[in-house]
Each structure stands twice: as structure tokens, then as C-alpha cells.
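Just below is one structure, and these are the notes that go with it.
As the structure is a prediction and not an experimental result, all values here were calculated from the model. Numbers restart at 1 for each chain; the letters A, B, ... are given by sequence-line order, proteins then strands.
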Amino acid sequence: MDRHDRDGQTDAGRHAHRGQESARERPRLRTTSNHSMDPVVASRVPTPSAATTTGQPLPIEPYRKELVDAISELGLLVIVGETGSGKTTQIPQYILGHDPNARIVVTQPRRIAAISNAKRVAEEMGERNVGNRVGYVIRFEAVVSPATQLRYVTDGVLLRELVDDGALSAYDVVIVDEAHERTVGTDILLGLLKQCKRKRPDLKLLIMSATLDVEKYSDFFDSCPIFQIPGRPYPVEIMYARSMRLAALQTSFVDRAVDTVLHIHRHERQGDILVFLTGSQEIERAVTATQKLDAQLDYRRDVAHYHSKDPDDRRVVGMSVFGLYASLETGQQREIFEPARPGYRKVVFATNIAQVCLYAIRWTTTRRWCEIGHGGHDDQTSITIPGIVFVVDCGFVKQKLYDPVTHMDALVVTPISQAAATQRAGRAGRTEPGKAYRLYSHEAFSDLPPNTEPEIQRSALLDTVLALKAMNVHNVQNFDFVDAPNPDLLTAALRDLFLLGAIDDPKGLGHLTLLGRQLMQLPVSPWVGRALIAAAAEFKCSSEMVVIAAMLSVESVWVELRGKAAADSKRQAQVHEQRRQFFDRTGDHLTLYNVYSAWRNHDNSRSWCRENLLHHRALEQAQKIKRQLESILDKWSVPDTSARDPTTSRLDPVPILRALCTAYYPNLAKKQVSRPVFYQYAVHHGKRADSDALMSLAIHPTSALAAAVEKGDPRVGEIEWVLYHDIIYTTRANMRFVSRIWRWEWVEPYVPRLDRAMAAAAAAEGAEDGDEKVESAAAMQSEKPTPSTSAGSADDAQKAKREAAITAARERALKRRRVG
DNA sequence: GAGCACTGC
């Protein structure tokens with residue numbers, strides 16, 4: 001295959017060049033073209049000093065004095081250094097060396113990074129245990145003591161501390177690490193820390209980033225100086241596909257990725273291959289296709305390295321092909337990190353999970369493999385998959401985009417940014433010089449946006465706005481964001497907070513209510529929290545709702561079939577039958593409760609999970625969240641109540657569903673007669689029939705009610721009204737976690753609030769769209785869910801209009817992305 | 001007929 005051109009400039013070369021450009025503007029900025037040893041390898045050497053195996057210092061070491069001087073002199077600094085330069089582990093130690101009494105906090109976007117950095121630094125400082133001078137705090141786990149001076153925390157933890165103490169008086173130095181990832185947490189933190197720094201000029205603030213677009217942070221912090229640390233481990237050569245545009249690539253990247261893997265396997269030297277794709281289904285398809293092509297290879301004839309004369313170069317005799325994505329079962333994730341059999345080239349098809357960080361595992365004295373992601377993180381450290389020399393980058397990523405108009409998340413395949421492409425390529429140069437094959441042309445690369453759109457500009461901001469309000473930021477629109485989110489996102493969040501009763505004014509300038517303060521205390525989505533408070537305070541079913549709240553807060557508990565099994569309709573039907581044992585006739589919320597109860601009744605058994613195709617990891621996480629929620633309710637002195645009849649022990653679903661209505665009444669949907677399609681009531685009822693906000697909602701295929709809606713089920717009966725947890729738009733708009741509502745009285749008390757919110761929205765839009773009127777609550781009453789109610793049958797024109805509404809929502813989201 | 005990745009008193 002020769003459609004890949006060699007790009008004259010290596011990735012490292014380009015970086016050095018860009019760095020020098022910036023150096024002219026910022027006198028403190030340093031650059032270098034040195035390539036150092038892989039610092040991850042270095043860190044595994046169990047010596048107190050941070051040195052590589054050959055005794056070479058970490059890239060950051062020569063700058064120790066200058067850094068310490070800059071930090072103590074300036075107090076506010078942006079530090080750039082690529083992953084592995086040593087900035088996260090060394091800088092806090094330098095500060096402690098200079099000021100032995102300093103109290104330092106370092107934020108990380110991921111739990112696992114907080115843990116592994118704390119462990120590494122404790123080891124380097126010669127500490128016997130983590131939790132003495134060096135510790136970490138993440139949800140469910142605080143490994144600190146009164147002696148702890150340096151703590152690594154997730155950004156959510158520091159946010160919570162800021163709610164209680166806006167001056168952060170517990171710290172002298174705050175370090176925000178991985179700022180380039182631009183998570184919502186980091187972005188909010190930066191805005192709040194800017195305020196905090198004004199109140200406390202003595203607070204030292206360091207922003208650390210791995211990408212070069214740091215001028216943005218410098219500008220944000222009043223043009224503060226930037227300090228650059230050198231250190232890309234090894235050069236990576238970049239190969240581009242000749243004249244391949246992204247539009248053409250989007251429909252063919254799986255096949256092209258497989259072709260490229262085969263090309264590398266046949267012609268390139270030894271080394272494993274990491275391929276970036278967008279989703280689990282493509283990954284399974286690519287794995288199957290690659291295995292099939294491998295089986296057809298005649299190694300003697302087709303594979304250059306079969307006849308290698310180099311004694312160090314083992315004969316290549318096969319491929320070991322793996323997939324890697326988050327919803328994979330733990331056991332299958334862990335296979336990837338085991339070395340391939342001798343003579344076999346390892347190929348890993350992965351989602352973006354591999355771009356940011358790869359969580360592998362140290363083979364410890366306990367001889368225990370650890371899980372990736374949630375839970376079970378003992379002995380984990382973050383390293384790359386060993387031996388990756390080649391990276392194949394498809395140029396796309398799957399991203400969630402929230403549309404504030406329809407309150408809908410869309411999961412869309414989007415071109416990556418140049419910064420993301422650089423990070424992906426960097427995965428090839430961790431243990432030796434590598435090569436990255438981009439499936440798109442150099443020209444297509446130039447057309448990519450330089451940086452990934454910050455998450456805050458494409459997410460629902462309900463939690464964020466709630467947190468800001470709790471910190472007395474009443475005019476959220478005027479908050480000092482690094483990049484301001486679209487005003488529609490803020491308006492939508494304010495509307496939802498009003499609907500939940502968390503703020504007292506739908507226009508958003510209002511203050512947090514008592515309920516709002518309570519929601520802030522609960523570490524779950526405000527929707528879930530509202531249902532829990534209603535269950536505890538009003539409907540006497542807290543013990544059931546803590547389970548449902550916890551289950552709604554974790555990833556899906558259902559294990560999906562993979563590969564060949566997924567294509568087998570008989571096997572699929574079997575799985576569905578197996579799941580039915582948990583299904584509740586009222587819908588998914590009580591089904592989640594049933595799953596959890598069954599798991600508890602089987603002593604939290606892992607093997608029982610495997611037999612029943614359930615994710616043990618998710619259930620364990622749910623149990624932790626449940627306990628946390630229970631302890632908060634305890635602290636509030638809320639009595640434990642149950643909807644179970646003490647004599648018959650029969651569970652009454654009505655109080656549970658009514659408590660859910662308290663929160664989710666805006667997510668009420670009405671089924672169309674003789675069609676398995678619903679309309680969202682809140683949007684529907686106040687608008688004219690031809691409004692483009694009308695759109696059809698389908699039921700998620702994993703829902704307990706899916707079969708009943710599609711085919712009818714005498715056990716469930718006729719479904720007319722449902723409430724849902726959320727909507728995810730993929731090829732259609734799917735409601736997830738759906739339960740039946742069969743009494744109008746359950747939602748009626750909350751409808752006036754809906755009217756008020758809509759009236760406020762209409763008043764805001766009034767000037768530009770005076771034509772559109774919100775109907776009165778009285779007119780709306782005709783929509784009451786009585787058995788006689790029948791919506792007009794949808795004629796074709798109307799149906800087309802609704803489909804167009806979905807397309808419009810999607811385009812709005814994409815347009816926002818482009819403009820944003 | 002499903003479907004990126006994170007996170008929280």
C-alpha cells in the first residue's frame with residue numbers, strides 16, 4: 001500500500017518549531033529538541049531520586065531552580081510540558097523542598113491519576129505509606145492524615161471544597177493539572193480560582209497543560225508568564241493518506257484502518273499497533289475482519305519479517321487482535337496488557353479511551369490484576385500499553401452533544417482536532433521511536449480545528465449551574481469562563497433548576513432554595529436527587545429510591561453481546577428472555593431495583609453476574625453510591641422508609657413512581673395511537689401543532705417496556721403515558737429508563753411550574769418571535785391522560801415534519817459546534 | 001434496534 005506519504009517533519013520537530021515561535025513573545029518560555037528517556041520507564045525504578053535507568057535526569061530536572069524561583073516570585077504561572085516530562089510528580093516536590101511547610105493540592109481530571117501520582121510521589125519522597133505527607137482524595141476514598149501536605153485530588157473534590165470555603169484557606173499552593181483536557185470540572189475550577197486568587201493574593205496558583213495552546217490560559221489569568229518544559233519521549237514519524245478527505249473517510253474508515261493494519265503488519269518492523277476508532281461496534285467489526293485477513297495471509301510469501309535475518313528481530317508469524325472500549329468486561333480489557341505470544345504482533349482497536357490515558361496495571365507482589373475504570377484500583381498505575389510502535393488514526397471521535405432546545409443528547413461521530421491527532425500520534429513514541437498512520441491527507445489535517453471544543457460548550461450544565469449558584473454566583477451568564485458556553489445552554493440549565501424547585505426564579509437570577517442546597521449535597525444528578533428527596537420526605541419509599549438513584553448514576557448494567565454473538569438473532573432472543581426475569585411491568589426504574597435486589601440476594605456474586613449478563617463492576621459502584629446516599633440521608637435525620645408492605649412484603653410501585661414524577665414531570669411523553677412512538681409532553685402542550693420542537697421519541701431497545709410498546713404485552717397492558725430519565729439521539733431519538741404513568745394526578749401539581757417556565761421562555765423570545773403563544777393551563781387540561789383521549793393519526797406530511805425536527809436538532813447541535 | 005470518554009459529601 002503506497003497511499004501514505006511521508007511527511008518530512010516529525011511530530012517532535014513540529015512541536016519544537018511552534019515552541020520557538022512562542023518563545024519570542026514570552027521571555028520565560030523555554031524550548032529544546034532533546035529527546036529524553038521514557039519517563040514512565042524511569043519511574044518504575046524504585047529509587048528515591050527521579051532518575052532514568054541510565055542515570056539521566058527527567059526532562060524537568062535542569063529547570064528546578066528556575067521553576068522554584070518563578071513560583072515563589074510570581075505566584076501565578078502556566079506550565080507546559082508533555083505527558084511524562086515529570087511536571088505532575090516533580091514540581092510539588094520542588095515546592096516542598098523550598099518551603100517544607102507548604103500545603104499543596106494538585107487536581108486531576110481522573111480518579112486513577114490522583115491515586116497513581118500520589119503513590120509515585122510518596123515512593124519518591126521515601127514515604128512508607130501513602131496518606132502521610134503525601135495523600136489523595138477521591139470520591140469514596142480519602143487517604144490523608146493531619147500530616148498530609150501534598151494531596152492529589154480529582155477536580156470534583158476541590159470544587160466541593162470551594163463550595164464550603166471560597167478562599168481555600170487549607171492550601172498555600174493550588175495546582176490544576178491536565179488543564180488542556182478542558183473538562184467541565186477543570187474549566188469551572190479555573191474561573192473560581194481566578195476569583196479566589198483576587199481574594200487571596202498569597203495563594204500560589206499553577207496551571208499545567210500538555211498542549212501548546214496555553215496562551216489562552218495566560219490571557220485568562222491576566223497574561224501571566226508561561227514556563228515550558230521539554231520532553232517528548234521519542235520522535236514519531238507521521239504518515240498521511242494521499243488525497244483522502246474527511247467526508248469520504250467517514251463512511252470507510254473501518255475498512256481503511258484494517259487495510260492499514262495489514263500493510264503495517266506485512267511491511268513494517270516489529271512492534272505493536274494501536275488503532276483509534278470511534279465505537280464498540282466498529283471495533284468488533286474491525287477485530288473480526290483483521291482476524292479473517294490474518295488467517296488468509298501466506299506468511300512465507302506476504303510478510304516481510306517472516307524471513308528476517310536479524311537475530312534480534314524475531315520472525316513474525318501471526319497477529320493477536322484485541323478491542324478496547326469502556327463497556328468491555330474487565331477480563332477482556334485486561335488481556336490487552338499481557339504480552340503477545342512470541343512472534344505475534346499485537347493489534348489493539350480502541351476508542352478514545354486510549355488517547356487520554358491508558359490504565360494498565362502493574363504486575364505486583366500480590367499477583368493480582370486490577371480493573372480498569374471504576375472501582376478496584378489497588379496497585380494500579382497508569383502506563384501505556386507496552387510495545388506500541390505504530391498508531392493508526394481514523395480521524396474521528398464519537399462525542400456527546402447536548403441540544404438545549406430539545407433537551408436531548410446526540411451521540412455524533414465528529415472529526416477530531418489537530419491537538420487530539422497529535423496526542424494520538426504520541427501514543428506511538430512512548431517506548432521507542434514510532435510511526436503514526438493518519439487515514440486522512442495532510443490537507444485534511446490542516447482543515448481540522450486546532451483544538452477540541454471544550455466540554456462546557458457541548459454539555460448540559462445543570463450540575464455546573466447548581467454548583468455556581470451554591471457558590472453565590474447568581475448571575476451565571478456573567479461568570480468569568482475560560483470559554484463561555486452558549487447562552488442557550490445556561491438558559492436551559494436555569495429552566496431545569498427552576499422546574500426542579502432548586503432556584504426561585506425561572507429567569508435565572510434567583511437564589512438557591514433550601515431544596516437547591518439539599519440537591520447540592522447529593523452526589524447525583526439534580527434530577528435523581530430531586531426524586532430521592534421526594535421519596536424520603538413525601539412518599540415514604542427512601543430505601544427503594546436510594547437503590548434506583550444509585551442505579552441511574554452508573555453505566556449500564558446490561559452486558560451487550562459482542563462480535564458474532566451480537567449478529568446471531570437467536571442468541572439475542574435468548575438474552576432478551578434472560579433479562580425478562582428482572583423486568584417490572586411498570587418499567588425500567590423498578591427493573592433496576594429488581595436487578596440490584598437480585599444481585600444482593602446472590603451475595604453480590606460475580607459469577608452470578610456473568611451468568612445473567614450483568615456488569616459486576618457497575619453493580620459494585622451502585623452499591624457504593626447507595627451507601628453514600630444513605631449516609632447523607634442519615635446525616636439529615638431522614639427516617640428510612642419503604643414502599644414494601646410489612647406483612648405481605650409486597651412492593652407497592654405507586655409511591656416510587658410518584659416520587660419520580662416530582663422530578664421528571666418535564667420528561668412526560670404521550671404515546672401515539674397504534675404507533676410505537678411518543679411525543680414529549682412539555683414541549684408539545686404549549687406549542688402550536690406545527691412547531692418544529694415536536695419530535696417523535698422512540699423507546700430504547702434495552703428498556704423493559706420496549707417489547708410491550710412495539711408488540712403489545714398483556715402483562716403490561718396499553719401504555720399511554722410514560723416518563724423517561726433522558727433522551728439519547730443516535731439514528732433516532734431514544735428515551736432511556738422509561739416508566740409508566742397511569743394517573744394524571746401524579747403530575748398535575750407540578751404542571752403550573754412548567755407553564756411558568758415556558759411563559760418566561762416565551763417572554764424572553766417574545767421580541768423575535770411574537771407570533772408564538774403559549775396556551776393557558778386550562779387549554780392544556782384537554783391533554784389529560786384519560787383512556788378516551790386520542791391524538792389524531794399522524795399523516796405522512798406530519799410524520800415527515802417530525803423527522804425533519806430531529807434532523808434540525810442534530811444540525812443545530814453541529815452548527816453550534818462549528819460556531820462555538 | 002443498541003453504540004465516546006470522564007467525574008461528585
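Nucleic acid contact class of A:E455 (heavy atoms, under 4.0 Å, all strands): base. In this structure, A:G279 reaches the sugar-phosphate backbone alone: every heavy-atom distance under 4.0 Å involves primed, P, OP1 or OP2 atoms, never a base. A:T702 comes within 4.0 angstrom of nothing in the nucleic acid, heavy atoms only. Contact annotation for A:E560: base contact, defined as any heavy-atom pair under 4.0 Å involving a base atom. Using a 4.0 Å heavy-atom distance criterion, A:V524 is classed as a base contact. Using a 4.0 Å heavy-atom criterion, one finds that A:S280 contacts the sugar-phosphate atoms exclusively. Residue-level contact check: A:D463 touches the bases, meaning some heavy atom is under 4.0 Å from a base atom.
Atom CZ in A:R571 sits about 16 Å away from atom C1' in B:dA2, given to the nearest Å. Atom pair A:H700:NE2 and B:dG1:P shows a separation of 12 Å (rounding to whole Å applied). Straight-line distance from the NZ atom of A:K400 to the P atom of B:dT7: 14 Å, rounded to whole Å. Rounded to a whole Å, the CD atom of A:E284 is 22 Å from the P atom of B:dG1. Distance A:L552 CG to B:dG8 C1': 16 Å, rounded to the nearest Å. Atoms CG (A:L158) and P (B:dC9) sit 11 Å apart, rounded to a whole Å. Nucleotide B:dC4 holds its P atom 20 Å from the CD atom of A:Q423, rounded to whole Å. A straight line from CG of A:D634 to P of B:dC9 spans 18 Å, rounded to a whole angstrom.
Side-chain atoms of A:V157 lie closest to B:dG8 of the nucleotides B:dG8, B:dA2, B:dC4. When each of B:dG3, B:dA2, B:dG8 is scored by its nearest atom to the side-chain atoms of A:Q281, the top-ranked nucleotide is B:dG3. When the nucleotides B:dA2, B:dC4, B:dG8 are ranked by their closest atom to the side chain of A:T351, B:dC4 comes out on top. Checking B:dG3, B:dA5, B:dG1 against the side-chain heavy atoms of A:Y325 singles out B:dA5 as nearest. Nearest to the side chain of A:R160, among B:dA2, B:dG8, B:dA5, sits B:dG8.
Counting only distance, with no hydrogens or angles, the side chain of A:R139 and the backbone of A:G156 share no donor-acceptor pair below 3.5 Å.
Between B:dA2 and A:N734, a contact under 4.0 Å exists linking OP1 or OP2 to a side-chain N or O. Regarding contacts with the backbone of B:dA5, every side-chain N or O of A:R110 stays at 4.0 angstrom or more from both OP1 and OP2. Distances shorter than 4.0 Å separate some side-chain N or O of A:R111 from OP1 or OP2 on B:dG8. Remark: A:T154 is in phosphate contact with B:dG8, judged by side-chain N or O atoms under 4.0 Å from OP1 or OP2. Note on A:T731: a side-chain N or O is less than 4.0 Å away from OP1 or OP2 of B:dA2.
Counting atom types as modelled, A:E555 pairs no side-chain N or O with a base atom of B:dA5 as donor and acceptor under 3.5 Å.
Comment: A:K570 does not engage A:E577 in a salt bridge, judged by the lack of any side-chain N to carboxylate O separation of less than 4.0 angstrom. A salt bridge links A:E630 to A:K626: at least one charged side-chain nitrogen sits closer than 4.0 Å to a carboxylate oxygen.
For the residue pair A:N451 / A:S417, no side-chain donor-acceptor distance below 3.5 Å is found, with atom types taken as modelled.
Looking at A:K398 and A:T351, their side chains never come closer than 4.5 Å, going by heavy atoms from C-beta outward. Under the 4.5 Å side-chain criterion, counting only non-hydrogen atoms from C-beta, A:V547 is not in contact with A:L592.
A residue-by-residue look at A:V137 and A:I699 shows that A:I699 has its nearest nucleotide of DNA chain B further toward the 5' end. Toward the 5′ end of DNA chain B lies the nearest nucleotide of A:K398, the other residue of the pair A:S525 and A:K398 mapping further downstream.
Below 30°, between 30° and 60°, or above 60°: for A:F737 and A:H725 the angle between ring planes is above 60°, a perpendicular geometry.
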